[in-house]
Amino acid sequence: MENFTPVSALIGGGLIGLSAAILLAVNGRLAGISGIIAGLVPPARDDATWRVLFIIGLFGGAGGWLAVTGGPVVAFDVGWPILVIGGLLTGIGTRIGAGCTSGHGVCGLARLSPRSIVATITFVIVGGLTVFISRHLIGV
Amino acid sequence: MIRNIAALGAGAVFGLGLAISEMVNPLKVKAFLDIAGDWDPSLILVMGGAVVVSFFAFRVILRQPKPLLAPRFDLPTRRDLDGKLIGGAAVFGVGWGLVGLCPGPALSALVYGNTESIVFVVAMLVGLATGPRLITVLTNRPVPG
């Protein structure tokens, strides 16, 4: 566990919670990223402005930290075919399952939604199994 | 206008949180999912920290009659479990485990300029757009409307 970074994890997590609180308090919306993006792809919903601005904000927040600190490292260990498959599955799965790590894993858990609790347990277990199979059994 | 500034600000705080906690790094996320490898539990604290803050904040916020600048709270109301929820979460889990990116970090990672992030995000957008049609085909139900 030499790579464990508890302090930055808690600070980053706290900021994500704060972001969800701002969006709910002011706009009455949940900060589920897949849902925010899903409203912009066909069939798009008619409330694009706040969605686009939230995403521009994401770029600004991550980009600001990159500009100031030069980090963190962003590194991949898979090639294009896996990137395409992984991206497709992430898009399809979060659309059909109505949420991702932020919508179910943060906002849904905070609301004690039974659907989000089940979804979060499911994607964490399946994600773990996928890493186990791909890294340790197949060696992708 | 202020609503849009709030959305921009909330996005920026979210992106900052993802960057500080290194969740924009797929290998960091994979190290959490890899219990049999050199396990890194950081993601538990990221999600846990976010849930604790939003849990208490939501309690206060949802006690108000309405949001500060919107007519009503727009919240999911369903509480039932169904195959789409669990199947969708499982499909997402495979994608997450293969690459180590979920939607928020994937978008935020674009600012780091890796070609891999761009490829992943384009595929993810295609998946988000085709998901509803795919489920219609798979369940063999007519397209509503």
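In what follows, chains carry the letters A, B, and so on, assigned in the order in which the sequence lines appear, proteins first and then strands, with residues in each chain numbered from 1. Given the structure is predicted, the values throughout are model-derived calculations rather than measurements.
Neither the backbone nor the side chain of A:Ala98 comes within contact range of chain B; no heavy atom of the residue lies under 4.5 Å from a heavy atom of that chain. At a 4.5 Å heavy-atom cutoff, A:Val7 makes no contact with chain B through either its backbone or its side chain. Heavy atoms closer than 4.5 Å to chain A are found in both the backbone and the side chain of B:Leu107. For B:Asn4, the parts lying under 4.5 angstrom from a heavy atom of chain A are both the backbone and the side chain. When heavy atoms are compared at a cutoff of 4.5 Å, B:Thr130 approaches chain A solely by way of its side chain, counted from C-beta outward. Residue contact with chain A, scored on non-hydrogen atoms closer than 4.5 Å, involves the backbone and the side chain of B:Leu27 alike. Using a 4.5 Å cut-off between heavy atoms, B:Lys66 does not touch chain A at all. Proximity to chain A (any heavy atom under 4.5 Å) is shown, for B:Leu16, by both the backbone and the side chain. Residue contact with chain B, scored on non-hydrogen atoms closer than 4.5 Å, involves the side chain of A:Ile55 exclusively. Using a 4.5 Å cut-off between heavy atoms, B:Arg78 contacts chain A through both its backbone and its side chain. For B:Thr115, the part sitting under 4.5 Å from any heavy atom of chain A is the side chain, from C-beta outward, and nothing else. Contacts of A:Thr69 with chain B are absent, with no heavy-atom separation under 4.5 Å from either backbone or side chain. Of the two parts of A:Val74, the backbone and the side chain both hold a non-hydrogen atom closer than 4.5 Å to a non-hydrogen atom of chain B. Interface remark: A:Val118 contributes side-chain atoms only to the contact with chain B (heavy atom separation under 4.5 Å). B:Arg79 touches chain A through backbone and side chain together, each having a heavy atom under 4.5 Å away. Heavy-atom distances place the side chain of A:Phe132, and not its backbone, under 4.5 Å from chain B. Looking at B:Leu62, the atoms closer than 4.5 Å to chain A (heavy atoms on both sides) all sit in the side chain, from C-beta outward.
In terms of heavy atoms, A:Thr5 sits closest to B:Ser42 at N-OG, 3.0 Å. Scanning all heavy atoms of the two residues, the minimum distance from A:Ser116 to A:Gly108 falls at OG-CA, 3.3 Å. The shortest non-hydrogen separation linking B:Leu128 to A:Ala38 is CD2-CB, 4.2 Å. Closest of all the heavy-atom pairs between B:Phe32 and B:Trp39 is O-NE1, 2.6 Å.
Between chain B and the options A:Cys107, A:Ser113, A:Gly103, the largest number of non-hydrogen pairs under 4.5 Å is found for A:Cys107. Highest contact tally toward chain A, considering only B:Val53, B:Leu8, B:Leu18, B:Val91, is held by B:Leu8 [criterion: heavy-atom pairs under 4.5 Å]. Of the listed residues (B:Gly87, B:Gly97, B:Ala6), the one with the most heavy-atom contacts under 4.5 Å to chain A is B:Gly97. The candidate from B:Ser21, B:Ala12, B:Gly131 with the greatest count of non-hydrogen atom pairs under 4.5 Å with chain A is B:Ala12. Taking B:Ala50, B:Gly49, B:Gly95, B:Gly104 one by one and counting their heavy-atom pairs under 4.5 Å with chain A, the maximum is reached by B:Ala50. The candidate with the highest count of non-hydrogen atom pairs below 4.5 Å against chain B, out of A:Thr49, A:Leu23, A:Val84, A:Ile92, is A:Ile92. Looking only at heavy-atom pairs under 4.5 Å with chain B, the residue among A:Thr94, A:Ile36, A:Leu109, A:Ile22 that has the most is A:Thr94. Across B:Leu85, B:Val126, B:Leu68, B:Val99, the residue that shares the most heavy-atom pairs under 4.5 angstrom with chain A is B:Leu85. Ranked by non-hydrogen atom pairs under 4.5 Å with chain A, the options B:Leu75, B:Asp74, B:Val122 are led by B:Asp74. Taking chain B as the reference chain and counting heavy-atom pairs below 4.5 Å, the highest number among A:Val41, A:Leu83, A:Ile125 is found for A:Leu83. Contact count versus chain B (heavy atoms, under 4.5 Å) is highest, among A:Thr130, A:Ile37, A:Ile11, for A:Thr130. Of the residues considered (A:Ser102, A:Gly64, A:Cys100), A:Cys100 shows the highest number of contacts with chain B, using heavy-atom pairs under 4.5 Å.
Within the 4.5 Å cutoff, no side-chain heavy atoms of A:Thr90 are placed close to those of B:Leu101. Inter-residue side-chain proximity for B:Asp38 and A:Asn3 is flagged as met; some heavy-atom pair is nearer than 4.5 Å. The side-chain heavy atoms of B:Glu22 and A:Val73, taken from C-beta on, include no pair separated by under 4.5 Å. Looking only at side-chain heavy atoms (C-beta outward), A:Arg111 and B:Pro76 come within less than 4.5 Å of each other.
Ion pairing between B:Asp40 and B:Lys30 fails under the 4.0 Å rule for side-chain N and carboxylate O.
Between B:Trp96 and A:Phe123, the two ring planes are perpendicular [angle over 60°; tilted spans 30° to 60°].
For CG of A:Leu112, the number of neighbouring non-hydrogen atoms (other residues, nucleotides, ligands) closer than 6.0 Å is greater than 12.
Note that CG of A:Leu53 and CG of A:Asn27 are 10.0 Å apart. Values are rounded to the nearest 0.5 Å. Atom NZ of residue B:Lys28 and atom CZ of residue A:Phe4 lie 8.5 Å apart, to the nearest 0.5 angstrom. Residue A:Leu30 holds its CG atom at 9.5 Å from OG of B:Ser54, rounded to the nearest 0.5 Å.
By the ring pair (Phe, Tyr, Trp, His ring centres under 6.0 Å) test, B:Phe120 pairs with no residue at all, sequence neighbours left out.
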Apply salt bridge (Lys or Arg N to Asp or Glu O under 4.0 Å) to residues A:Arg29 and A:Asp47 and explain how you reach the verdict.
CA-CA 12 Å; A:Arg29 308 298 298 240; A:Asp47 56 348; 3.3 Å; yes
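Within the structure, the ring-ring contact (aromatic ring centres under 6.0 Å, His included) test picks out no pair touching residues 42-61 of chain B (sequence neighbours left out).
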